[in-house]
Amino acid sequence: MNRPLTTLHRTYTYTLIHLHLQTHTITTTTNTSWNTQLKELAKQGLYQQGLHLYRRMLRSGDSPNAFTFPFALKSSAALSLPLSGAQLHCHVLKTGCESEPFVQTALISMYCKCCLIDNARKLFDESPQSRLLTVCYNALISGYTFNSHFFNAIMLFCHMREVGVSVNAVTVLGLIPGCTIPMHLGFGMSVHCFTVSCGLDLDLSVANCLLTMYVRCGSIELARNLFDDMPERGLITWNAMISGYAQNGLATQVLDLYHEMVSSGTSPDPVSLVGVLSSCANLGAQRVGLEVERRIERSKFEFNTFLKNALINMYARCGNLVRARAIFDEMPEKNLVSWTAIIGGYGVHGQGETAVQLFEEMIKTGIRPDGAVFVSILSVCSHAGLTDKGLDFFSLMDRNYGMRPGPEHYSCVVDLLGRAGRLAEAQRLIESMPVEPDGAVWGALLGACKIYRNVKLAELAFDRVIKLEPKNIGYYVLMSNIYTEAGISQGVLRVRTIMRERKLKKDPGCSYVEYKGKTHLFVAGDRRHPQIGETYRMLDRLEVLVKELCGSKKHDQERRNEELISGMGVHSEKLAIAFGLLNTGVGTDIVVIKNLRICVDCHLFIKLVSKVVDRQFVVRDATRFHHFKDGTCSCNEYW
DNA sequence: GTAGGGTTAG
């Protein structure tokens with residue numbers, strides 16, 4: 001754990017060393033059984049007990065020696081206890097063990113883990129060059145990486161090679177985790193080549209480390225190449241690849257890999273299952289989700305909080321809010337993520353008021369919100385039309401929690417104001433942002449311009465957004481549609497030309513509905529479904545109902561909504577199929593029914609569907625799943 | 001001396 005450190009703290013550490021040197025006397029008796037016990041505790045990760053044992057050793061009059069310190073120091077390091085570490089440093093000096101290479105290394109590592117990197121460097125520099133072994137370099141390199149001083153880590157690595165100290169696999173393991181952003185990819189790749197060219201054994205841990213590096217640096221393909229080339233794969237290998245796909249939104253690949261993992265005989269652990277569940281949530285693949293839950297019930301990690309959170313998210317996003325809530329309620333210890341998951345769950349089901357209540361309840365419980373839960377609640381407010389409530393929450397961030405909103409929060413607020421038709425305010429907010437607006441911020445404004453048919457402002461937003469995200473096809477389509485609706489054919493042509501010049505092609509948008517284990521898939525204007533006649537009749541009826549709903553005043557909406565649900569009185573399968581025809585467009589949940597310009601929040605539909613059919617459905621935009629490109633739906637086995 | 005984890009909008 002990183003801890004903030006003040007100069008005062010650092011001075012205090014040095015003073016403490018000094019005091020101890022003067023007052024503490026250590027006898028010279030050594031007892032090897034203490035060392036054996038200490039080593040065992042450190043090995044098992046029982047660091048608190050380790051330090052306790054060390055103190056008992058001192059009290060009993062026995063003295064630590066060069067074999068004691070590495071384990072005791074490791075415990076202080078693991079628990080990030082700088083004062084206990086400094087105390088140990090005193091004892092090291094008292095017993096004259098400081099020149100022992102493994103004690104020295106352990107001291108360096110301890111200071112690094114306690115975020116006292118300057119102390120670590122001082123020790124390193126004070127040691128004669130000839131005594132510095134690979135292990136010392138490794139400890140400091142990984143310390144720099146751990147403390148986010150990647151540049152220093154690289155410099156030390158270069159220095160190490162210059163002076164001819166041999167590099168080993170652990171050096172690579174200390175250095176590579178510093179590559180965390182796409183800019184670091186080149187360096188990471190060169191270390192990979194170096195590792196191979198040096199004939200260093202590319203053992204499992206080094207390969208896993210490199211694999212994670214490729215994922216973090218944004219190259220999932222290179223990660224997969226390495227994965228495919230690995231002669232041996234461990235649990236961590238599978239997990240690194242699964243999590244890599246999951247974090248990049250490649251949900252179908254996650255499920256494919258998970259099945260491959262299970263059939264290869266590797267038993268998934270909570271880390272793997274969390275990745276799988278999050279992908280099920282993204283795909284609406286409730287069947288796989290259920291299988292995973294059964295596996296969890298049979299396993300020994302039944303009470304794992306990470307898994308419970310992932311299950312809440314999965315059920316909520318797959319349409320089963322009741323089950324999500326049940327899991328949430330049953331959790332003895334809910335953390336911030338549990339709350340975030342259930343709040344977002346109510347949000348996607350259109351139950352904004354409940355989500356807000358939960359958020360407020362969470363605050364009362366004494367849980368300090370983070371950036372993610374604010375993103376969640378702000379988006380809930382914007383979808384539920386709770387504009388002022390959302391603005392209150394936004395101002396709460398700085399006022400109550402001293403949090404600086406990031407671009408992701410600004411994009412939510414722009415969306416919030418935009419959906420409420422307060423476009424000028426949204427624009428002013430962007431202009432006054434203390435952080436640089438990203439594509440999402442301008443994209444939110446562009447989306448709002450679509451709803452309110454503001455071509456002029458849309459042009460401004462579009463101009464900015466394509467500078468920031470030139471490859472995001474969604475924004476081009478959005479702008480093109482805005483022009484179409486306004487009857488500006490020249491504008492449409494201009495956007496299409498830019499798209500052609502930039503070689504951007506939009507896959508046909510499609511939606512799917514899962515009903516009784518069967519998936520019904522539709523592309524825009526699709527008439528191939530056997531029940532298409534009934535479906536369109538159903539749509540006509542929906543159209544009228546939705547029109548009424550949109551025409552009603554805001555405070556009437558909830559009531560009208562209930563009427564709409566009870567007024568349906570139709571067979572749920574037909575309804576589901578009707579919903580399949582709703583093309584959710586591009587990256588927005590504003591839907592257009594047939595060619596009518598009725599813009600409705602998709603979440604409202606999810607709410608309707610979940611009420612009518614007892615939470616068995618998922619209605620989702622399926623554009624990003626290439627399995628669906630050919631218009632068939634049976635090709636994907638996960639639904 | 002050392003590799004893997006959940007939540008978020010457009």
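Values in this document were obtained by computation on a predicted structure and should not be read as measured data. In what follows, chains are A, B, ... by sequence order, proteins preceding strands, each numbered from 1.
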Discussion item. Output the rounded distance in Å from CD1 (A/I367) to P (B/dT7).
Written reply: 18 Å
Item to complete: If a protein heavy atom is under 4.0 Å from the base, mark B; if only from the sugar-phosphate, S; if neither, -; do that for nucleotides 1-6 of chain B going 5' to 3'.
Response: BBBBBB
Item to complete: Kindly state whether the ring of A/Y137 and the ring of A/F124 have centres lying under 6.0 angstrom apart.
Response: yes
Worksheet entry | Short side-chain N/O contact to B/dG10 OP1/OP2 from A/R419, under 4.0 Å | yes
Worksheet item: For A/D415 and B/dT8, what is the distance between atoms CG and P respectively, to the nearest whole Å?
Response: 15 Å
Practice prompt. State yes or no: are the ring centers of A/Y346 and A/F328 separated by less than 6.0 Å?
Written response: no
Fill in: Rounded interatomic separation in angstrom, taking NZ from A/K471 and P from B/dG10
24 Å
Discussion item. Between A/F394 and A/F374, is the ring centroid distance below 6.0 Å?
Written reply: no
Discussion item. I need the CE-P distance between A/M479 and B/dG10, as an integer number of Å.
Written reply: 19 Å
Discussion item. Tell me the interatomic distance from A/I377, atom CD1, to B/dA9, atom P, rounded to whole angstroms.
Written reply: 12 Å
Worksheet item: Atom OH of A/Y410 and atom C1' of B/dT8: how far apart are they, to the nearest Å?
Response: 17 Å
Worksheet item: What pairs with A/Y144 under ring pair (Phe, Tyr, Trp, His ring centres under 6.0 Å), at least two apart in sequence or on another chain?
Response: none
Worksheet entry | Test salt bridge (charged side-chain N to carboxylate O under 4.0 Å, His left out) applied to A/K389 and A/E360, step by step | CA-CA 11 Å; A/K389 195 85 203 162; A/E360 284 165 348; 2.9 Å; yes
Response to the item:
Whole-Å distance, A/M397 CE to B/dA9 P, equals 15 Å
Item to complete: List for me each residue that meets salt bridge (Lys or Arg N to Asp or Glu O under 4.0 Å) alongside A/K74, sequence neighbours excluded, and say none if there are none.
Response: none
Worksheet item: A/N481 CG to B/dG10 P: how many Å, rounded?
Response: 16 Å
